[in-house]
Amino acid sequence: MAIRFLISIFFLFLMQCQIDDMPFDDTPIDDTSLVGEWLLYESYVSPGGATEWKDVEEGYRYFFNEFGNYERTDYDKNLLDSGTYEITEEELYLYFITEGKKDTLGYSADFNESKTRLTLSPSYPAICIEGCLYRFNKE
């Protein structure tokens, strides 16, 4: 009985921590519109409480090409990593090599209506319960 009570409290806590009105865009991503250069300019990361969008100075960049390859660079376009990408429903998966092993990052991803802004939120291997979103402008 006590275990059920604790589990119920835990799930209520998790539900309360999620932000229902999180400012996420609502246009699904697609291969054609993703192609190009994207510069990180805002982040929305909650350490456990209320937060708001914060400007990112000299954010990193993603370059996606039409052949399913990507590169991530720093602000000055120095290569940080590269690999391939895949879009499945509203998820963006990045595949790359780390220490000789294939690795994967997954993001929930959406565009704004004009497809000039890309919003990403980590979904694999980790998710952000409190909220973490990253906005990129198409260059």
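Heavy atoms only: backbone and side chains are in, while hydrogens, waters and symmetry mates are out.
- Taking D74 as the reference, N78 meet the side-chain hydrogen bond (donor to acceptor under 3.5 Å, both in side chains) condition, with sequence neighbours excluded.
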Taking it one step at a time, do Y62 and E37 satisfy side chain to side chain donor-acceptor pair (under 3.5 Å)?
CA-CA 6 Å; Y62 278 114; E37 178 180 344; over 6 Å; no
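- For the pair C132 and P122, the minimum side-chain heavy-atom distance is below 4.5 Å.
- Legend: residues meeting side-chain hydrogen bond (donor to acceptor under 3.5 Å, both in side chains) with Y124, ordered by chain and number and at least two apart, are absent.
- Applying the salt bridge (Lys or Arg N to Asp or Glu O under 4.0 Å) definition to pairs two or more places apart or across chains, those involving residues 39-56 are E42-R135.
- For D30, the side chain to side chain contact (heavy atoms under 4.5 Å, CB included) partners are T32, S33, F111, K115, not counting sequence neighbours.
- Contact check for V45 versus T51: no side-chain heavy atoms found under the 4.5 Å cut-off.
- Residues Y85 and I97 do not share a hydrophobic cluster, clusters being chains of Ile/Leu/Val/Met/Phe/Trp/Tyr side chains in contact below 4.5 Å.
- A donor-acceptor pair under 3.5 Å links the side-chain atoms of N65 to the main chain of G68, judged by distance alone.
- To the nearest 0.5 Å, atoms CZ (F64) and CD1 (I87) are separated by 8.0 Å.
- Side-chain contact between Y75 and Y60 is absent, with no heavy atoms from C-beta onward closer than 4.5 Å.
- For E139, the salt bridge (Lys or Arg N to Asp or Glu O under 4.0 Å) partners two or more places apart in sequence, or in a different chain, are R61.
- Annotation for E89: atom CD does not count as buried by contact number, only 12 or fewer foreign heavy atoms lying within 6.0 Å.
- Applying the ring-ring contact (aromatic ring centres under 6.0 Å, His included) criterion to F63, with sequence neighbours excluded, gives no partner residue.
- If you chain together hydrophobic residues whose side chains sit under 4.5 Å apart, I29 and L39 never meet in one group.
- Among all heavy-atom pairs drawn from L79 and S82, the shortest one is CD1-CB, 4.3 Å.
- For the side-chain hydrogen bond (donor to acceptor under 3.5 Å, both in side chains) test, residues two or more places apart in sequence or in another chain that qualify with T116 are N112, S114.
- A search for side-chain hydrogen bond (donor to acceptor under 3.5 Å, both in side chains) contacts involving Y70 returns D81, not counting sequence neighbours.
- In this view, E91 and Y93, S108, S123 satisfy the side chain to side chain contact (heavy atoms under 4.5 Å, CB included) rule, not counting sequence neighbours.
- Cluster annotation: L80 and F136 are assigned to the same hydrophobic cluster (Ile/Leu/Val/Met/Phe/Trp/Tyr, side-chain heavy-atom contacts under 4.5 Å, transitive).
- No continuous path of hydrophobic side-chain contacts links L120 to Y95 [ILVMFWY only; heavy atoms under 4.5 Å].
- Nearest heavy atoms, T119 versus W53: CG2-CH2, 4.5 Å.
- Side chains of Y41 and R117 form a contact here, defined as non-hydrogen atoms less than 4.5 Å apart.
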Which atom pairs, donor and acceptor, lie under 3.5 Å between side-chain atoms of residues 100-107 and protein residues at least two apart or in another chain?
none

